[in-house]
Amino acid sequence: KESGHDMSKCRLPRLRTAEWRGFVFLNFSEEAEPFEDFIAPYEEPYAWFRAGEVVTARKLVMDIPCNWKFIAENLLDWYHARVIHAGTFGKFYKIGGDQLPVDLLPGGASNLVWDSSSRSLDTNLPFPQLPWLADGEVFSAKGAMFPNMNFMSATDSMRMWTLWPVTAQSCRAVVHILLPERSLDVPE
């Protein structure tokens, strides 16, 4: 008080916040469009992603010695799963035909939904189906929201991950494995 400094003008910058499907978004710009306008083009394509209706079963944090853009760019290669992951989940992918079933969305985002109904026949998957897929709609999906958010869904789980630059040559990937709450009762 004795300094004479006007404390009424001394504060941290205000951040705009919004919640969407269980995740909190922050915006440092006062000039950015309203969050509702930003997220509107993604509501219908990403209807399958209901992170607010599942619980985090596991959080993985990985420090990776490469630029974050390298990972983001390489994960846009949707075809790689059938080859690179052929011995595991890739064998259940039915991405075929002449045209990849992907929707390119505003702002560099994408949405890919494909048939993976044969995955439900794998007896090694002990987890129950996602509740909103119980009506028989079985598929896998991958969404990407520029610049660093990706999410995936299969019949029994969802994954949400973000990439964070640390230096020009390193980044941190944070992955959330999301399951229906009743899946936590499945014995290990």
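Positions are given from 1, in the same order as the sequence printed here. Everything numeric in this text was worked out from a predicted model, so none of it was measured.
- One distance of note links CZ of Arg172 with OG1 of Thr167; it measures 11.5 Å at 0.5 Å rounding.
- With hydrogens and angles disregarded, a donor-acceptor distance shorter than 3.5 Å links the side chain of Tyr46 to the backbone of Ala144.
- To the nearest 0.5 Å, the span separating NZ on Lys59 from CD1 on Ile177 amounts to 12.5 Å.
- When the side chains of ILVMFWY residues are joined at heavy-atom separations under 4.5 Å, either directly or via intervening members, Ile64 and Val175 end up in a single hydrophobic cluster.
- Here the closest heavy-atom approach between residue Trp68 and residue Cys171 is recorded as CB-CB, 3.6 Å.
- In this structure, Met62 is a member of the same hydrophobic cluster as Ile71, with clusters built from ILVMFWY side-chain heavy atoms closer than 4.5 Å.
- Residues Leu163 and Ala173 come closest through the heavy atom pair CD2-CB, 3.8 Å.
- Across Ala72 and Pro147, no two heavy atoms sit closer than the pair CB-O, 4.4 Å.
- The aromatic rings of His176 and Phe23 lie perpendicular to each other, with more than 60° between the two planes, well past the 30° mark.
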Task: Worked check of side chain to side chain donor-acceptor pair (under 3.5 Å) between Asp6 and Ser8 - done: CA-CA 6 Å; Asp6 181 5; Ser8 67; 2.6 Å; yes
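- To the nearest 0.5 Å, atom CZ of residue Arg50 and atom CG of residue Leu178 are 14.0 Å apart.
- In this structure, Phe25 and Arg16 have side chains that are not in contact, with every pair of non-hydrogen atoms separated by 4.5 Å or more.
- In this structure, the side chain of Glu19 engages the main chain of Gly22 through a donor-acceptor pair within 3.5 Å.
- Rounding to the nearest 0.5 Å places CH2 of Trp20 at 8.5 Å from CZ of Phe38.
- Of the possible polar contacts, one joining the Ser3 side chain to the His5 backbone as a donor-acceptor pair under 3.5 Å is found.
- Under a 3.5 Å cut-off, the side chain of Tyr42 and the backbone N or O of Pro106 do form a donor-acceptor pair.
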Open item on the list: Apply side chain to side chain contact (heavy atoms under 4.5 Å, CB included) to residues Trp164 and Asn148 and explain how you reach the verdict.
Closed with: CA-CA 7 Å; Trp164 300 101; Asn148 67 338; 3.5 Å; yes
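- Taking 4.0 Å as the cut-off between side-chain N and carboxylate O, Arg21 and Glu43 count as a salt-bridged pair.
- Looking at Asn67 and Gln169, their side chains never come closer than 4.5 Å, going by heavy atoms from C-beta outward.
- For the pair Pro45 and Asn111, the tightest heavy-atom approach, listed with the atom from each and the gap, is O-ND2, 2.9 Å.
- Atoms CG and CE, on Asn150 and Met145 in that order, are 10.0 Å from each other to the nearest 0.5 Å.
- The number of heavy-atom neighbours closer than 6.0 Å to CD of Glu33, taken from other residues, nucleotides and ligands shown, is above 12.
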Task: Test log, rule side chain to side chain donor-acceptor pair (under 3.5 Å), inputs Ser157 and Arg159 - done: CA-CA 7 Å; Ser157 65; Arg159 281 134 344 264; 2.9 Å; yes
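- Residues Met149 and Phe146 fall into different hydrophobic clusters, defined by Ile, Leu, Val, Met, Phe, Trp and Tyr side chains chained together at heavy-atom separations under 4.5 Å.
- Within the 6.0 Å centre-distance limit, the rings of Phe151 and Trp48 are counted as a close aromatic pair.
- Note that the OG atom of Ser110 and the CG atom of Leu105 stand 7.0 Å from one another [nearest 0.5 Å].
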TODO: Carefully, step by step, assess Val54 and Met160 under the rule side chain to side chain contact (heavy atoms under 4.5 Å, CB included).
DONE: CA-CA 12 Å; Val54 291; Met160 190 282 184; over 6 Å; no
